[in-house]
Number of protein chains: 2
Amino acid sequence: MFSIGQLSKRTGVKIPTIRYYEQMGLIDEPERSEGNQRRYTKDGLSRLSFIRHSRDLGFSVEDIRGLLDLSQHPEKPCSDAHSIAARHLQDVQSRIAKLRRLERELKRITKCDAGNVATCAVIETLADHGLCETEH
Amino acid sequence: MFSIGQLSKRTGVKIPTIRYYEQMGLIDEPERSEGNQRRYTKDGLSRLSFIRHSRDLGFSVEDIRGLLDLSQHPEKPCSDAHSIAARHLQDVQSRIAKLRRLERELKRITKCDAGNVATCAVIETLADHGLCETEH
DNA sequence: TATAATTCCTCTAGCCACTAGAGCTTCAAG
DNA sequence: CTTGAAGCTCTAGTGGCTAGAGGAATTATA
Ligand SMILES: [Zn+2]
Ligand SMILES: [Zn+2]
Ligand SMILES: [Zn+2]
Ligand SMILES: [Zn+2]
């Protein structure tokens, strides 16, 4: 049996976050000590590790809810898990693409030789998207 | 003089967002009609366009506050603007790097040949970061 | 065993940058 | 002068936490 603090140390999930996950229904309400403190089992630990790792990989809490549900049903086909992961991958890729467009523009505007604001490329570009090279 | 709706159409900023920016102090409180409706000038329009473009480039509201301040003082050196932009560029780049690490892992785990959850690479990997190839 | 230090509890509120909706008032066209 | 669109304020919700207040329980030390 682990206290919430021990669970936190073992998983790297902060204590208030564990309680938040409980509130969101990602983890079951654990047993309590006589004094009403949370006591976790190994199952609770591995479930939280699953959540932690999924969050680290950028899955939303909603996605994780679905993935956890699936993981409780080993006999089910895994196509649902794949579609969640594939959708997330697409999302990550489109975010990368967007950030790369930003990176390009930001690199460009920070090449400014002016000394003061009046003719600064940064300020001028912000005032006028027409000065940008790409859409973003 | 523009109504808030006209300003919204011209800048692409939604009406509630314009009011939000006013509340945040990014734009001055505009004059009002006799019936208390907001009336904007061309200055208001260009200030909002500046904000819109800066947001599109990913600057935070706090950064924009600083950039707007600078843009009102053309005689100032533009080094402050540059450091805001450079810091933001760094931030964008580190987000790209992080997303690329995620992309790599997600691509890997979605190559799963199993048919059901019991042996699915997606679910197994989420349960155990040790199965990942990289840190992320 | 008494006390002190640490950990835990619940509850509320704050973060960012909006977005939605309720219930009301004003404006502009015909 | 009526009507319908557009505006007003205010509150609350989004996601994923995080911080703090004020108190109770647990653990370690003397
Ligand atoms: Zn400059
Ligand atoms: Zn632009
Ligand atoms: Zn699979
Ligand atoms: Zn991993």
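On a predicted model such as this, the values are computed, not experimentally measured, just so you know. So that the names make sense, note that chain A is the first sequence line, chain B the second, and so on, each numbered from 1.
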Asks: Rounded off to whole Å, could you give me the CD-to-C1' distance for the B:Q6 and C:dT26 pair?
Replies: 15 Å
Asks: When the distance from CD1 of B:I4 to C1' of D:dA6 is rounded to whole Å, what number comes out?
Replies: 11 Å
Asks: Without decimals, in angstroms, what is the distance between A:L26 CG and D:dG16 P?
Replies: 10 Å
Asks: Identify which nucleotide among D:dA25, C:dC27, D:dC8 has an atom closest to any side-chain atom of B:R38, counting heavy atoms from C-beta outward.
Replies: D:dC8
Asks: Within a reach of under 6.0 Å around CD of A:E31, are more than 12 heavy atoms found that belong to other residues, nucleotides or ligands?
Replies: no
Asks: Is it true that B:M24 and B:I84 fall in one hydrophobic cluster, defined by side-chain heavy atoms closer than 4.5 Å?
Replies: yes
Asks: On the nucleotide D:dT9, are OP1 or OP2 found under 4.0 Å from the side-chain N or O atoms that B:R32 carries?
Replies: yes
Asks: Any side-chain to backbone donor/acceptor pair from B:R47 onto B:L26? Under 3.5 Å, distance only.
Replies: yes
Asks: Could you check whether the rings of A:H53 and B:H129 sit parallel, tilted or perpendicular, using 30° and 60° as the cut-offs?
Replies: perpendicular
Asks: Take the protein atom OH of A:Y40 and the nucleotide atom P of C:dT7, then report the distance between them rounded to whole Å.
Replies: 16 Å
Asks: Looking at DNA chain D, which of residues 11-18 of chain A put a heavy atom within less than 4.0 Å of it?
Replies: A:K14, A:P16, A:T17
Asks: Hey, mind stepping through B:L57 and B:S54 against side chain to side chain contact (heavy atoms under 4.5 Å, CB included) and telling me if it holds?
Replies: CA-CA 5 Å; B:L57 285 164; B:S54 304; 5.8 Å; no
Asks: Does a sphere of radius 6.0 Å around CD in A:E29 hold more than 12 heavy atoms from other residues, nucleotides or ligands, not counting ones at 6.0 Å or beyond?
Replies: no
Asks: Go through B:H82 and A:V122 one step at a time and tell me if the side chain to side chain contact (heavy atoms under 4.5 Å, CB included) criterion holds.
Replies: CA-CA 7 Å; B:H82 290 203; A:V122 175; 3.8 Å; yes
Asks: Rounding to an integer number of Å, can you tell me how far B:N36 CG sits from C:dC27 P?
Replies: 9 Å
Asks: If I take atom CD1 in residue A:I51 and atom P in nucleotide D:dC17, what distance separates them, rounded to the nearest angstrom?
Replies: 10 Å
Asks: Does A:R19 or A:G35 map to a spot on DNA chain D nearer the 5' end, using the closest nucleotide for each?
Replies: A:R19
Asks: Does C:dC27 have OP1 or OP2 sitting under 4.0 Å from an N or O in the side chain of B:S33?
Replies: yes
Asks: If you apply the rule side chain to side chain donor-acceptor pair (under 3.5 Å), what do you find for B:T119 with B:E124, and how did you get there?
Replies: CA-CA 7 Å; B:T119 53; B:E124 279 181 357; 5.8 Å; no
Asks: To the closest 0.5 Å, what do you measure between OH (A:Y40) and OG1 (A:T11)?
Replies: 9.5 Å
Asks: Just how far, in rounded Å, is P of D:dG7 from CD of B:Q37?
Replies: 7 Å
Asks: Expressed as a whole number of angstroms, how long is the span from B:M1:CE to C:dT26:C1'?
Replies: 17 Å
Asks: Show the distances under 3.5 angstrom between N or O atoms of the protein and N or O atoms of nucleotides 12-17 of chain C.
Replies:
unit_1	atom_1	unit_2	atom_2	d
C:dA17	O3'	B:R55	NH2	3.4

